[in-house]
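These values consider heavy atoms only, across backbone and side chains, with no hydrogens, waters or symmetry-generated copies.
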Amino acid sequence: MKILKLAAVVLISFFVAACGFFKKEAIACELIGSTHFNEVSPNFYIDQSIDSQQQVNLAHAIQVAVQRVSHVYGAPTSDPRIIATAETKYAKFGFNPTGMQSTGFFRECIFLGPKGLNADVVAHELVHAEVRHRTNLFVELTQLPAWFIEGTGILVDYRAPFLAQNIDLKHDELTDIKSVFYLSDFPNTQVEYYQASLMAVKPMNPKAMYSGLERLNNGEQFEDVFNELF
């Protein structure tokens, strides 16, 4: 009996440690209310590094981002928890200094770093949250290629490198990006891959994306639902 109890404790400890390592963003999102971050409006948290004017500007940027996503794709329904800081110290814990989206245990989450306190980054991450909110885990892991996930985010991201006049891609670069399925294989430090992802999703009617994601949930295949991308 003691051996069984010891084994159970070891397994539970291993599970908790694994969650802490692999799902640190989800844990941070769910527990943010018990930290030094303050909830300044529903699902919007900031720390003391963001002053009152930055808070006003960021709140406006979020409104602009939601409007932009609504205009391009349709009204979002995910309502993610947004956590923002102007500090750079969180990068050492693995958090992106610009912005990153993560699925928590009970909600979608967006973390904004000092380089991401603007409408472009917020809109980009809102689309990631919306795509994951509208698809089940099986669809996300087996049907959604990295270039689609990133490209649909870039479509509402109007930072200079992603404007049409600043993109000059070769056909091979477009082919290369479409060979990348897993986000872990996506070279997220190279702007050319984001540009290629944007161009890869350009043939899609963005107003049909939500209904397309629902079709994936119902068992259809990505290549059939978004056939215009091939």
Please check: side-chain N/O of [X] versus main-chain N/O of [Y], any donor-acceptor pairing under 3.5 Å?
X	Y	result
E228	M204	no
Q54	D51	yes
E39	N43	yes
Q195	P161	yes
R81	C29	yes
N217	N136	yes
E108	S78	no
E25	T103	no
T35	L31	no
K207	H71	yes

Do S49 and E87 pair up side chain to side chain, a donor and an acceptor below 3.5 Å, judged on atom types alone?
no
N57 and Q53 side chains, donor-acceptor separation under 3.5 Å:
yes
Show the numbers, then the answer: is there a side chain to side chain contact (heavy atoms under 4.5 Å, CB included) between E30 and R107?
CA-CA 8 Å; E30 301 298 347; R107 72 198 85 235; 2.9 Å; yes
Answer with yes or no whether the hydrophobic clustering places [X] together with [Y]; edges join I, L, V, M, F, W, Y residues whose side-chain heavy atoms lie under 4.5 Å apart.
X	Y	answer
V72	Y210	yes
M199	I177	yes
V180	V201	yes
M100	L58	no
F138	F181	no

Using a cut-off of 6.0 Å, state whether more than 12 heavy atoms not belonging to [X] lie near its atom [atom1].
X	atom1	answer
K115	NZ	no
F230	CZ	yes
Y158	OH	yes
D185	CG	yes

With heavy-atom distances below 4.5 Å as the criterion, would you say the side chains of [X] and [Y] are in contact?
X	Y	result
I82	F111	no
L155	P206	yes
Y193	N188	no
I83	F37	yes
Q221	Q143	yes
P203	L229	yes
P76	V66	yes
N38	Y45	no

Report the C-alpha separation of D224 and R215 in whole Å, then their side-chain angles, then the decisive distance to 0.1 Å, and conclude whether the salt bridge (charged side-chain N to carboxylate O under 4.0 Å, His left out) test is met.
CA-CA 10 Å; D224 296 328; R215 289 173 62 189; over 6 Å; no
Residues passing the side chain to side chain contact (heavy atoms under 4.5 Å, CB included) test with H36, sequence neighbours excluded, are D47, Y90
Quick one: sort the F222 and F226 rings into parallel, tilted or perpendicular, breaks at 30° and 60°.
tilted
Kindly write out the residues that satisfy salt bridge (charged side-chain N to carboxylate O under 4.0 Å, His left out) with E150, not counting sequence neighbours, or none if the list is empty.
none
Going through the checks in order, is the side chain to side chain contact (heavy atoms under 4.5 Å, CB included) test met by E130 and M209?
CA-CA 10 Å; E130 194 65 19; M209 185 179 75; 5.7 Å; no
Between [X] and [Y], which heavy-atom pair has the shortest distance, and what is it?
X	Y	value
A75	S70	CA-OG, 3.6 Å
N118	V121	OD1-N, 3.0 Å
A200	W147	CB-CE3, 3.7 Å

Can you see whether F148 has K178 sitting over its ring - NZ or CZ less than 6.0 Å from the centre and within 45° of the normal?
no
Just how far is it from atom [atom1] of [X] to atom [atom2] of [Y], taken to the nearest 0.5 Å?
X	Y	atom1	atom2	result
I154	S197	CD1	OG	7.5 Å
T152	L213	OG1	CG	8.0 Å
I62	L112	CD1	CG	7.0 Å
I27	C109	CD1	SG	11.5 Å
F95	K89	CZ	NZ	12.5 Å
D176	E192	CG	CD	12.0 Å

Working for side chain to side chain contact (heavy atoms under 4.5 Å, CB included), residues R68 and D120
CA-CA 9 Å; R68 188 182 299 178; D120 292 315; 2.7 Å; yes
Is the shortest side-chain N to carboxylate O distance from K170 to D172 below 4.0 Å?
no
Quick test of your reading of the model: are E140 and R132 salt-bridged, counting only N-O distances below 4.0 Å?
yes
Intermediate values then yes/no, side chain to side chain contact (heavy atoms under 4.5 Å, CB included), N218 and E214
CA-CA 6 Å; N218 291 331; E214 182 60 28; 3.7 Å; yes
Ring centre gap for Y194 and F186 strictly below 6.0 Å:
yes
